[in-house]
Amino acid sequence: MIEIKDLSKQYGDKVIFKDLSMTLKDGEILAILGPSGIGKTTLIKTLTGLEEAQSGQVVVDGESYAVSDPAMTSQIGLIFQDFNLFPHLTVRENINLAPMNVKKVSRVEADKKTDDLLAKLGLTEQADLYPYQLSGGQKQRVGIARALAMDPQVIAYDEPTSGLDEKATEQVVDIMLALKKEGVSQLVVTHDLPFADKVADETFDFEKEVQK
Ligand SMILES: Nc1ncnc2c1ncn2[C@@H]1O[C@H](COP(=O)(O)OP(=O)(O)OP(=O)(O)O)[C@@H](O)[C@H]1O
């Protein structure tokens with residue numbers, strides 16, 4: 001279980017959210033809903049260490065961390081809205097990169113895990129292609145494989161269906177539900193309500209819950 005407690009973030013004088021708290025249960029999909037510009041992406045960025053919060057704690061399985069503690073942020077795998085794949089690396093190299101560079105896993109071991117993830121996500125044939133050779137849905141799935149390669153406690157998605165057609169959106173739904181079956185906890189920022197309806201166990205309405 002992940003508990004986010006009293007998280008506050010401002011950019012300069014502008015308060016984005018104050019004393020925000022939420023709980024993500026094991027194996028649950030929590031959808032964070034709210035209008036554009038309200039601070040959903042900022043929340044995901046503070047939880048993954050891309051933005052510093054003013055204050056807040058995150059309790060992971062009973063252990064409490066300051067929100068910016070890399071020991072916590074490294075447990076959350078982020079899937080970016082615009083995929084953020086490295087354009088000069090193949091699909092395989094994109095997925096292998098963090099396990100090899102950060103976790104110091106051998107290439108043989110990294111390749112083995114990457115092959116498993118590619119098979120699971122229906123990307124085996126794309127292993128040696130570059131991002132520009134992929135569809136939007138395939139790029140999204142590479143982003144998911146890249147996050148999963150680091151064995152995170154939680155997967156966080158920022159608007160995973162934006163720019164995807166219906167079929168690619170359905171594939172994201174299927175992947176998220178399959179990961180849920182495996183017990184992966186997932187956090188998803190979205191303003192795609194039909195999509196949220198399909199995947200979410202719980203919703204967090206930013207507008208209602210967040211004080212400024
Ligand atoms: N680096 C920054 N410096 C200053 N203000 C910022 C910065 N990043 C975001 N903001 C502001 O913070 C607010 C929240 O932005 P955020 O991107 O988190 O919204 P959002 O809810 O994710 O919106 P969207 O659904 O459009 O992505 C916005 O008013 C935005 O202008």
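One-based numbering, in listed order, for ligands and for the atoms of each. Hydrogens, waters and symmetry mates play no part in the numbers below; they use all other heavy atoms, side chains included.
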Flag the pair E170 and K198 as a salt bridge only when some basic side-chain nitrogen lies within less than 4.0 angstrom of an acidic carboxylate oxygen. yes
Return the protein residues near ligand 1 (heavy atom under 4.0 Å from any of its atoms), ordered by chain and residue number. Y11, K14, I16, P35, S36, G37, I38, G39, K40, T41, T42, E159, H191
Cationic N near anionic O, under 4.0 Å, D174 to R141: no
Table please: side-chain donor-acceptor pairs of residues 177-186 below 3.5 Å, with sequence neighbours left out.
{"unit_1": "K180", "atom_1": "NZ", "unit_2": "D201", "atom_2": "OD1", "d": "2.6"}
{"unit_1": "K180", "atom_1": "NZ", "unit_2": "D201", "atom_2": "OD2", "d": "3.3"}
{"unit_1": "E182", "atom_1": "OE1", "unit_2": "K120", "atom_2": "NZ", "d": "3.2"}
{"unit_1": "E182", "atom_1": "OE2", "unit_2": "K120", "atom_2": "NZ", "d": "3.1"}
{"unit_1": "S185", "atom_1": "OG", "unit_2": "G27", "atom_2": "N", "d": "3.0"}
{"unit_1": "Q186", "atom_1": "OE1", "unit_2": "Y157", "atom_2": "OH", "d": "2.6"}
{"unit_1": "Q186", "atom_1": "NE2", "unit_2": "M176", "atom_2": "O", "d": "2.9"}

Worked verdict on E202 versus K25 for salt bridge (Lys or Arg N to Asp or Glu O under 4.0 Å): CA-CA 10 Å; E202 301 274 352; K25 296 192 202 111; 3.7 Å; yes
Let me check something: any side-chain donor-acceptor pairs from residues 92-100 under 3.5 Å, sequence neighbours excluded? List them with distances.
{"unit_1": "R92", "atom_1": "NH1", "unit_2": "D111", "atom_2": "OD1", "d": "3.0"}
{"unit_1": "R92", "atom_1": "NH1", "unit_2": "D115", "atom_2": "OD1", "d": "3.1"}
{"unit_1": "R92", "atom_1": "NH2", "unit_2": "D115", "atom_2": "OD1", "d": "2.8"}
{"unit_1": "E93", "atom_1": "OE1", "unit_2": "T90", "atom_2": "N", "d": "2.9"}
{"unit_1": "E93", "atom_1": "OE1", "unit_2": "T90", "atom_2": "OG1", "d": "3.4"}
{"unit_1": "N94", "atom_1": "OD1", "unit_2": "F86", "atom_2": "N", "d": "2.8"}
{"unit_1": "N94", "atom_1": "ND2", "unit_2": "F86", "atom_2": "O", "d": "3.1"}
{"unit_1": "N94", "atom_1": "ND2", "unit_2": "L89", "atom_2": "O", "d": "3.1"}
{"unit_1": "N94", "atom_1": "ND2", "unit_2": "T90", "atom_2": "O", "d": "3.1"}
{"unit_1": "N96", "atom_1": "OD1", "unit_2": "T114", "atom_2": "OG1", "d": "2.6"}
{"unit_1": "N96", "atom_1": "ND2", "unit_2": "D111", "atom_2": "OD1", "d": "2.9"}

Co-members of the apolar cluster containing V108 [side chain, <4.5 Å]: none
